[in-house]
Amino acid sequence: MCDAANPIKPWQLCPMAYGKGIPALCLLHQEIEHFYKYIQPTPTEFCLRAEAVRRVEDVLLSLWPSACVDIFGSFRTGLNLPISDVDLVVHLGYWSPALLHQLERVLVARDVTDPVTVTVVDKASVPVVKFTERVSQIKFDVSFNEAVSGVQAAKLIKDFMRQFPELPKLVMVLKQFLRLHGLNEVYSTGGVSSYALTLMCVSFLQQQAHNNKKYSSSNKLGQLLLQFLDYYGRKFDFLKYSISVLSDGGRVEKERLRSTLGGNNWQSVLSIEDPVTPTNDIGRSSYAALHVIQGFEAAFLKLSKLVDSDPAKIEGPILSSILDVPQDVVNYRAWVQYNFQHILPPRSSLSSSSSSASECQPAHPKACNPASGKEEDERDNRHR
């Protein structure tokens, strides 16, 4: 049923699919597939993001010509939502807090951003300049030197994506879920970062593989989503264990990490071993972790109730019981499509994001990781 109070969701299946005896888990699986396809960047969105990176990179290199700039985070891995931030790191070889304020002044002076959107976070473990690029309205986080591990982390995540084909679909649903609840930002709300959430998903999938779990191809994504929410919402012992993608079974006792973490040995609820920097606990600043856990449990209970219902009585989309795409996101995507289609390369097909991606890449005048090899550069090209 669709009316003003129940608008059609982007992932909704054909109305004829509901109430026809199709098992709810199969419907949920299909809805996750539809959501993932919908939330992927269009060719125009990808090119706009790449152009915004070029503009910011030009400013960075004009300030520090000897520097090199790297993209890391979700834009590099391809796990970005339509309004996700872009993460950049400037490799200078030296550091001073004055760099943050110098960048702030130049970004405003060159009209790259409006003054009201700029925030200098100089007290964090990784100091960063946060701002919104004026043309694209895309948010950026620019850090210096210390985020080198972020580039390595992005490569590791892409390796896991090849190992677990379901990983991107699970991550995108859960990222949107946390965003809806305001729990996707560590700095402002104490939530769970995109990287932390992705590692939680990897750890969960490792645990499933370790236990030799088998799934039907017709409902696998539905099963995985439900079991993820149940695992972290009700079963995982956060007091005893840290989440780890380096250990057999996806977890490690917190006591074993005490000596490794050293000064970073916090007794945080959510503890996630950083696979790139072992002395770093990725979850230590997620002070709202309990709210995340409670959110997972509530989502599990909602979904499981629908999944257990009579297939003949299912009237509409199941995923919408825990997920939505806010109107401001829908409006932003429509605004991008209407105003920036002209930036697509002439030879690009609007139906092929891969062809656009191959031509809409941020320039990288200086190779920041010459040792990484040509093969890694070619694999990265689609998301740079």
Side-chain angles (χ1 to χ4, degrees), residues 36 39-61 68-91 112-113 126 128-144 147-162 167-169 171-172 174-176 178-179 184-187 193-199 201 276 329 332-333 336 340 343-344 353-365 367-369 372 376-384:
Y36 181 70
I39 211 69
Q40 291 290 286
T42 65
T44 304
E45 289 170 349
F46 188 96
C47 283
L48 179 63
R49 193 163 281 250
E51 288 294 328
V53 170
R54 282 193 183 103
R55 288 190 290 272
V56 173
E57 190 176 55
D58 285 346
V59 172
L60 295 170
L61 293 175
C68 58
V69 180
D70 250 323
I71 304 168
F72 65 103
S74 61
F75 186 40
R76 181 153 184 162
T77 60
L79 295 175
N80 59 288
L81 294 171
I83 58 173
S84 289
D85 299 352
V86 172
D87 297 300
L88 298 179
V89 56
V90 183
H91 301 279
V112 174
T113 186
V126 178
V128 64
V129 179
K130 303 167 89 64
F131 62 92
T132 301
E133 201 269 335
R134 184 182 55 80
V135 175
S136 64
Q137 290 301 295
I138 292 170
K139 292 180 172 60
F140 278 76
D141 285 1
V142 178
S143 53
F144 293 82
V148 173
S149 61
V151 179
Q152 299 170 326
K155 179 182 181 300
L156 180 66
I157 294 302
K158 289 200 289 183
D159 288 341
F160 282 129
M161 288 165 66
R162 284 185 284 271
L167 177 61
K169 297 170 185 178
V171 167
M172 296 297 267
L174 292 164
K175 282 185 69 169
Q176 184 65 17
L178 289 183
R179 179 175 283 276
N184 62 309
E185 290 281 350
V186 177
Y187 169 69
S193 69
S194 174
Y195 183 41
L197 179 65
T198 303
L199 291 178
C201 290
V276 175
V329 176
Y332 174 75
R333 300 190 81 181
V336 168
F340 296 99
I343 69 174
L344 284 170
S353 61
S354 61
S355 63
S356 296
S358 66
E359 298 181 44
C360 295
Q361 294 168 27
H364 287 275
C368 295
N369 295 297
S372 61
E376 166 64 13
D377 291 340
E378 290 174 349
R379 284 203 306 266
D380 282 353
N381 276 345
R382 187 169 182 271
H383 301 298
R384 283 189 177 184

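Each residue takes its place number in the sequence, starting with 1.
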Please name the residue in the list T113, L48, V56 that meets the side chain to side chain contact (heavy atoms under 4.5 Å, CB included) test with E133.
V56

Would you please test K155 and V151 for side-chain contact (heavy atoms from CB on, under 4.5 Å) and show each step?
CA-CA 7 Å; K155 179 182 181 300; V151 179; over 6 Å; no

Take D58 and R55 through the test salt bridge (Lys or Arg N to Asp or Glu O under 4.0 Å) and record every step on the way to the result.
CA-CA 5 Å; D58 285 346; R55 288 190 290 272; over 6 Å; no

Side-chain touch M161/L79, heavy atoms, less than 4.5 angstrom:
yes

Keeping R49 on the side-chain end and S136 on the backbone end, is there a donor-acceptor pair under 3.5 Å?
no

Between E51 and R54, does at least one N-O distance fall below 4.0 Å, as a salt bridge requires?
yes

Minimal non-hydrogen separation, A154 against T77, with atom names
O-CG2, 3.7 Å

Between F160 and T198, does a side-chain contact (heavy atoms from CB on, under 4.5 Å) hold up when you go through it step by step?
CA-CA 10 Å; F160 282 129; T198 303; over 6 Å; no

Sidechain-backbone polar pair: T132 side chain, Q137 backbone, donor-acceptor under 3.5 Å:
no

Pairwise side-chain contact, F75 with I138, heavy-atom cut-off 4.5 Å (strictly under):
no

Not counting sequence neighbours, which residues clear salt bridge (charged side-chain N to carboxylate O under 4.0 Å, His left out) with K175? List them please.
none

Closest non-hydrogen atoms of Y36 and P168, given as atom of the first, atom of the second and distance, are OH-CB, 3.5 Å

Is there a side-chain contact (heavy atoms from CB on, under 4.5 Å) between F46 and N80 once you walk through the steps?
CA-CA 10 Å; F46 188 96; N80 59 288; over 6 Å; no

I'd like to know if the side chain of R76 reaches the main chain of I71, judged simply by a donor and an acceptor atom lying under 3.5 Å from each other, with no hydrogens or angles considered.
yes

D70 and F72: side-chain contact (heavy atoms from CB on, under 4.5 Å), yes or no, with the steps?
CA-CA 6 Å; D70 250 323; F72 65 103; 5.8 Å; no

D85: which residues meet the salt bridge (charged side-chain N to carboxylate O under 4.0 Å, His left out) condition with it, sequence neighbours left out?
none

